[in-house]
Protein chains: 2
Amino acid sequence: MTIRVLVVEDEPLIADAHREYTERVAGFTVVGVAHSAREALAVLRAEPVDLVLLDLNLPDRHGLEVCRALRAAGSATDVLAVTSARDIAMVRAAVALGVTHYLLKPFTFAAFRDKLAAYARYRAHVQAAGEVAAQHEVDRVFAALRGGPAASLPKGLDAGTLDRVLAALRASVTPLSAAEVAGVTGTSRVTARRYLEHLAETGRVERASRYGGPGRPEVEYVIA
Amino acid sequence: MTIRVLVVEDEPLIADAHREYTERVAGFTVVGVAHSAREALAVLRAEPVDLVLLDLNLPDRHGLEVCRALRAAGSATDVLAVTSARDIAMVRAAVALGVTHYLLKPFTFAAFRDKLAAYARYRAHVQAAGEVAAQHEVDRVFAALRGGPAASLPKGLDAGTLDRVLAALRASVTPLSAAEVAGVTGTSRVTARRYLEHLAETGRVERASRYGGPGRPEVEYVIA
DNA sequence: CCCGCCGGTGAACAGAATGAACGTAACGGT
DNA sequence: ACCGTTACGTTCATTCTGTTCACCGGCGGG
């Protein structure tokens with residue numbers, strides 16, 4: 001179940017770079033490249049596309065106009081906006097048109113990969129179960145939309161420590177509690193928990209409770 | 001700078017409740033109430049609205065059709081969807097149409113207030129500065145958008161455990177006793193009962209008694 | 001060269017969520 | 001009416017959580 005991507009970008013060189021970036025991310029495949037709004041809409045009418053990598057600065061029309069046309073036609077295709085425009089009003093307009101992710105040019109491959117990964121997580125959520133039972137399940141879907149670049153970690157978190165925590169989780173078949181992760185990584189439980197919670201917030205690990213004996217249940221974490 | 005809200009809801013009683021709820025939140029004011037898609041669009045054409053409280057189940061057209069019409073007309077009005085539909089595909093379609101918040105009926109005032117507060121925070125971000133400097137500023141805007149404080153449970157109850165209990169009930173066709181739920185969830189009968197009673201108090205499950213054999217009758221629970 | 005500051009860590013602590021144990025309540029049978 | 005049976009509902013010890021605050025090391029300014 002790979003995600004079909006359409007790259008929309010007028011600069012041929014940049015378009016090629018975007019295509020290559022996308023192909024480098026597992027689970028994504030580029031099904032077309034368009035260099036104008038007109039071309040983009042033609043492709044979108046012709047074949048199924050899951051995600052549009054949409055440059056907002058196009059020669060014939062504004063990128064958001066493509067988006068608007070999509071919505072008017074009843075399409076629910078998801079859009080990742082790519083632009084060098086620093087205008088907040090643009091962000092707002094994009095959000096209103098259902099743009100789920102927004103990437104400022106120029107960007108590193110890491111930032112790009114993070115956005116695609118966030119989208120993949122969101123997609124997994126909305127494709128999995130057909131029904132939701134409670135509000136917080138909906139909240140979780142929306143939470144999956146916000147992507148956390150590894151580059152700009154929240155204050156108080158260190159990239160190296162994060163790697164160790166992730167490595168510990170990957171090395172274990174069974175879920176691990178915060179205390180167990182602390183034991184493996186050599187950090188304290190408090191620190192391990194800090195990173196595990198961050199990973200849970202950004203959807204990269206799942207939380208569960210370990211019941212059984214008396215006393216408060218232990219929270220266990222496993223890679224999503 | 002109060003936020004102008006349009007309430008769209010066909011049930012007059014519910015519409016009134018929504019209006020009252022909205023007025024109770026500081027910084028929000030209701031500028032209109034519509035009972036159908038047609039009415040809603042008329043109001044939206046007539047006067048400026050910042051946020052639409054949109055019930056998806058309308059008599060003449062589906063709520064998302066209102067949304068689509070808005071986008072086709074080029075409006076960037078924000079939308080908070082309110083619905084009792086538990087369909088994930090609906091959530092996905094809503095997101096694609098730029099619905100920024102999604103609230104499941106029935107909801108408490110606290111849940112409602114949280115969603116409005118999250119929207120107000122988002123709004124403050126996109127109205128403040130005219131320019132953004134870096135990617136992480138954009139990310140922060142999206143974070144404010146998605147990060148609604150989840151439903152606050154009474155002390156002593158855990159959201160994850162509540163999930164498991166609900167899942168167990170939903171998975172069963174027949175009503176389940178506290179002991180049976182305990183068996184499925186892996187928790188003790190005491191814990192299962194705690195959550196089942198909470199759900200019964202808040203009206204999400206129904207209680208009944210199971211007679212037949214000797215001994216005290218067993219209480220059984222079923223999703224309302 | 002010293003000092004204050006800031007980002008990352010862990011020790012200590014208040015309290016939150018669980019289950020074992022137990023007295024009590026509600027039923028059917030005699 | 002009484003008794004045996006079965007589950008209820010509560011209390012409380014237990015264990016882990018989540019937060020606060022002091023520490024430590026490095027960096028930049030004076």
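Values in this document were obtained by computation on a predicted structure and should not be read as measured data. The chains referred to below are lettered A, B, ... by the order of the sequence lines, with proteins before strands, and numbering in each begins at 1.
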Between [N] atom [atom2] and [X] atom [atom1], what is the distance in whole Å?
X       : N       : atom1 : atom2 : result
H198(A) : dG7(C)  : NE2   : P     : 17 Å
L196(A) : dT19(D) : CG    : P     : 14 Å
L176(A) : dT17(D) : CG    : P     : 13 Å
R210(B) : dC8(D)  : CZ    : P     : 9 Å
E197(B) : dA17(C) : CD    : C1'   : 17 Å
L157(B) : dG15(C) : CG    : P     : 18 Å
D158(A) : dT9(C)  : CG    : C1'   : 10 Å
E220(B) : dT6(D)  : CD    : P     : 18 Å

Could you please name the option among [options] that lies closest to any side-chain atom of [X]?
X       : options                   : result
E218(B) : dA26(C), dG8(C), dA7(D)   : dA7(D)
V190(B) : dT17(D), dT6(D), dA20(C)  : dA20(C)
R216(A) : dG10(C), dC27(C), dA17(C) : dA17(C)
S188(A) : dG8(C), dA26(C), dG10(C)  : dG10(C)
Y211(B) : dG10(C), dG8(C), dC27(C)  : dC27(C)
T187(A) : dG10(C), dA17(C), dG19(C) : dG10(C)
R194(B) : dG9(D), dA17(C), dG19(C)  : dG19(C)
T191(B) : dT19(D), dG19(C), dA17(C) : dG19(C)

query = Looking only at atom types and distance, does a side-chain atom of T202(B) sit under 3.5 Å from a main-chain N or O of L199(B), one as donor and one as acceptor?
reply =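 Here the side-chain-to-backbone pair exists.
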query = Would a distance-only check, ignoring hydrogens and angles, find a side-chain to backbone donor-acceptor pair under 3.5 Å from R210(A) to E220(A)?
reply =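 No: the side chain of R210(A) does not pair with the backbone of E220(A).
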request  = Confirm from the modelled atom types if R193(B) and dG19(C) form a donor-acceptor pair under 3.5 Å, side chain to base only.
outcome  =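 Flag unset: no donor-acceptor pair detected.
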inquiry  = Should the side chain of R189(B) and the base of dG9(D) be counted as holding a donor-acceptor pair, with the cut-off at 3.5 Å?
reply    =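 By the distance-only test, yes, there is a pair.
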Give a yes/no answer on whether the side chain of [X] brings an N or O atom under 4.0 Å of OP1 or OP2 in [N].
X       : N       : result
S209(A) : dT18(C) : no
T161(A) : dT9(C)  : yes
Y195(A) : dG8(C)  : no

inquiry  = To check you understand the geometry: which heavy-atom pair defines the closest contact between C67(A) and V79(A), and what is its length?
reply    =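 Looks like SG-CG2, 4.0 Å.
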ask   = Do F112(B) and H101(B) have their ring centres less than 6.0 Å from each other?
value =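 No.
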ask   = Rounded to the nearest 0.5 Å, how far does CG of L176(B) lie from CZ of R170(B)?
value =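 Separation between the atoms: 12.5 Å.
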query = Going by atom types only, do T161(B) and Y211(A) share a side-chain donor-acceptor pair under 3.5 Å?
reply =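 Present: a donor and an acceptor within the cut-off.
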